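All remarks here apply to the structure that follows.
Note: hydrogens, waters and symmetry copies are ignored here, and every other heavy atom, side chains too, is used. Reminder, nothing fancy here: chain letters follow the sequence lines and each chain counts from 1. Remember, predicted model here, so these are calculated numbers, not experimental data.
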Number of protein chains: 2
Amino acid sequence: MFSKACEYGIKASIFIAINSYEGKRVSPKEISEEIDSPRAFTAKILQALVKHNVINSVKGAHGGFEIDKKDISSIKLSQIVNAIDGDKIYSGCGLGLHRCDENHPCPVHDKFKTIKAELKDMLEHTNLEQLALDIKSGVSFLKI
Amino acid sequence: MFSKACEYGIKASIFIAINSYEGKRVSPKEISEEIDSPRAFTAKILQALVKHNVINSVKGAHGGFEIDKKDISSIKLSQIVNAIDGDKIYSGCGLGLHRCDENHPCPVHDKFKTIKAELKDMLEHTNLEQLALDIKSGVSFLKI
DNA sequence: TTTATTTCGGATAAAATTATCCTATTTATA
DNA sequence: TATAAATAGGATAATTTTATCCGAAATAAA
Ligand code: FES
Ligand code: FES
């Protein structure tokens, strides 16, 4: 569904959000341990998320990654996915035609249409705060 | 969503089905031209589909790939996808946890649940005949 | 039985994705 | 100002996916 990079990016963002609520910045080391991902690779993904303004980085001593508390509830899953995988997952053709086009549909276009629309809708309406709260309350998990 | 191999496998199966209705066997060359895919790679995928009993192959002169006419309407998209990509697309965890488990859910488990179920349902209820007929009647397309 | 045609299958190769390592740069603080 | 702590970013490696090539095996027909 998503690339490994995107999976790591989503989980990392959630972990950063949780810590940001407590005013704590986190490092790639902490993040990769908490989400069970390769450290250096995760660091690269964090850089990409910073470039796309999903998370903030603070360089130097006492630095780390954080998200503005006030932004956590407005950051949508779709922003993270788009920053890493682009929008092909719900905009591209399910069978790889150059573009998904109502006027030149592939054989599964109609069957995929609703599924892709729901996926898009879900990603665009799910925010980091909801996901972070579930982790905090022990309802969901970031690894294993 | 699907791997390239799976996309090719689905399109190839549809093209073989169309020709099988007319009692015609087709070669990897014809198939790859019709679905716009790399020939040798497509041939490998066809071998896999044969092994999984999705399509039949006939070796030697006048051979080629075909599907029993009577089977076309009962072959489901899910069989093709499973033969090539497995079932991780709708059974695996969307965030890469070792397994998707109701009792140990990842942060997006609930949000993905319905989407994955619909995808599974769609794949299991879409058969090759429906897809082939749309191509035949010019309603949908296998390439570009 | 020979030949032409076709799939099968193994060996590579190319490209993309995933992963690692090392140095440069930035920054707080002693 | 010097030092330690941290992200940034380039180079490289490993792995997986995608793709190519070629000879072996099977088969129909001459
Ligand atoms: S054209 Fe293939 S999904 Fe729309
Ligand atoms: S545990 Fe992640 S989708 Fe079910």
Side-chain angles (χ1 to χ4, degrees), chain A residues 1-13 15-16 19-20 23-33 35-67 81 83-86 88-89 92 95-96, chain B residues 1-12 16 19-20 23-33 35-67 81 83-86 88-89 92 95-96:
Chain A
M1 190 82 103
F2 300 128
S3 66
K4 278 285 162 201
C6 193
E7 291 176 2
Y8 299 153
I10 292 170
K11 290 188 277 193
S13 298
F15 181 67
I16 295 167
N19 282 276
S20 293
K24 244 175 56 189
R25 290 173 187 154
V26 286
S27 66
K29 179 162 185 291
E30 293 174 87
I31 295 169
S32 61
E33 278 165 4
I35 72 175
D36 198 23
S37 68
R39 186 156 101 195
F41 187 49
T42 304
K44 291 277 189 239
I45 297 159
L46 294 170
Q47 283 182 38
L49 290 174
V50 169
K51 274 223 174 90
H52 283 83
N53 299 304
V54 175
I55 63 178
N56 301 120
S57 70
V58 179
K59 289 188 210 173
H62 299 152
F65 294 92
E66 64 181 11
I67 304 177
V81 172
I84 302 172
D85 281 352
K88 61 177 184 298
I89 192 167
L95 292 188
Chain B
M1 191 82 102
F2 301 128
S3 67
K4 278 286 163 201
C6 194
E7 291 176 2
Y8 299 152
I10 293 170
K11 290 187 277 193
I16 296 167
N19 282 275
S20 294
K24 243 175 58 190
R25 291 175 187 151
V26 286
S27 67
K29 180 164 184 290
E30 294 174 86
I31 295 169
S32 61
E33 278 165 4
I35 71 174
D36 199 20
S37 68
R39 186 157 100 193
F41 188 48
T42 304
K44 290 277 191 239
I45 297 159
L46 294 171
Q47 283 182 37
L49 289 174
V50 170
K51 273 223 177 90
H52 283 82
N53 299 305
V54 175
I55 63 178
N56 300 119
S57 70
V58 179
K59 289 189 208 172
H62 299 149
F65 295 90
E66 63 181 10
I67 304 177
V81 172
I84 303 172
D85 281 353
K88 61 178 183 297
I89 191 167
L95 292 188

Practice prompt. Drop me the distance from Ile31(B)'s CD1 to Ile16(B)'s CD1, to the nearest 0.5 angstrom.
Written response: 4.0 Å
Show me the donor-acceptor pairs, under 3.5 Å and distance only, between side chains in residues 54-61 of chain B and residues at least two apart or in other chains.
none

Rounded interatomic separation in angstrom, taking [atom1] from [X] and [atom2] from [N]:
X: Asn56(B); N: dT6(C); atom1: CG; atom2: C1'; value: 16 Å
X: Leu46(A); N: dA8(D); atom1: CG; atom2: C1'; value: 12 Å
X: Ile31(A); N: dT7(D); atom1: CD1; atom2: C1'; value: 11 Å
X: Arg25(B); N: dA26(D); atom1: CZ; atom2: C1'; value: 13 Å
X: Glu30(A); N: dA5(D); atom1: CD; atom2: C1'; value: 13 Å
X: Ile55(B); N: dT6(C); atom1: CD1; atom2: P; value: 16 Å
X: Leu49(A); N: dT7(D); atom1: CG; atom2: P; value: 14 Å
X: Ile45(A); N: dT7(D); atom1: CD1; atom2: P; value: 15 Å

Worksheet item: Can you check whether Ser57(B) has a side-chain N or O nearer than 4.0 Å to OP1 or OP2 of dC8(C)?
Response: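 For dC8(C), OP1/OP2 do have a side-chain N/O of Ser57(B) under 4.0 Å.
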Discussion item. Can you tell me if Gln47(A) touches the phosphate of dG9(D), counting only side-chain N or O atoms and a distance under 4.0 Å to OP1 or OP2?
Written reply: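 Affirmative; the distance criterion is met.
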Worksheet item: Taking only residues two or more places apart in sequence or in another chain, which ones pass ring pair (Phe, Tyr, Trp, His ring centres under 6.0 Å) with Phe65(B)?
Response: none
Worksheet item: Does Phe2(B) have any ring pair (Phe, Tyr, Trp, His ring centres under 6.0 Å) partners at least two apart in sequence or in another chain, and if so, which?
Response: Phe112(A)
Worksheet item: Is a side-chain donor or acceptor of Glu30(A) paired with a backbone partner of Ser27(A) at a separation under 3.5 angstrom?
Response: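 Judged by distance alone, yes, a pair lies under 3.5 Å.
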Worksheet item: Within the distance-only criterion (no hydrogens, no angle test), does the side chain of Arg39(A) pair as donor or acceptor with the backbone N or O of Pro28(A) below 3.5 angstrom?
Response: no
Discussion item. Restricting to side chain to side chain donor-acceptor pair (under 3.5 Å), what partner residues turn up for Gln47(A), sequence neighbours left out?
Written reply: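 Gln47(A): no side chain to side chain donor-acceptor pair (under 3.5 Å) contacts found.
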Fill in: Modelled atom types, side-chain donor and acceptor of Ser37(B) and Thr42(B), under 3.5 Å
yes
Worksheet item: Under a 4.0 Å N-O cut-off, is there an ion pair linking Lys11(B) with Glu7(B)?
Response: no
Discussion item. So if I define the base as every atom that isn't primed, P, OP1 or OP2, how would nucleotides 25-30 of chain C read as a B/S/- string at a heavy-atom cutoff under 4.0 Å?
Written reply: -BBSS-
Discussion item. Treating primed atoms plus P, OP1 and OP2 as sugar-phosphate and everything else as base, which nucleotides of nucleotides 10-21 of chain C get B, S or - for protein heavy atoms under 4.0 Å?
Written reply: BB------BBBB
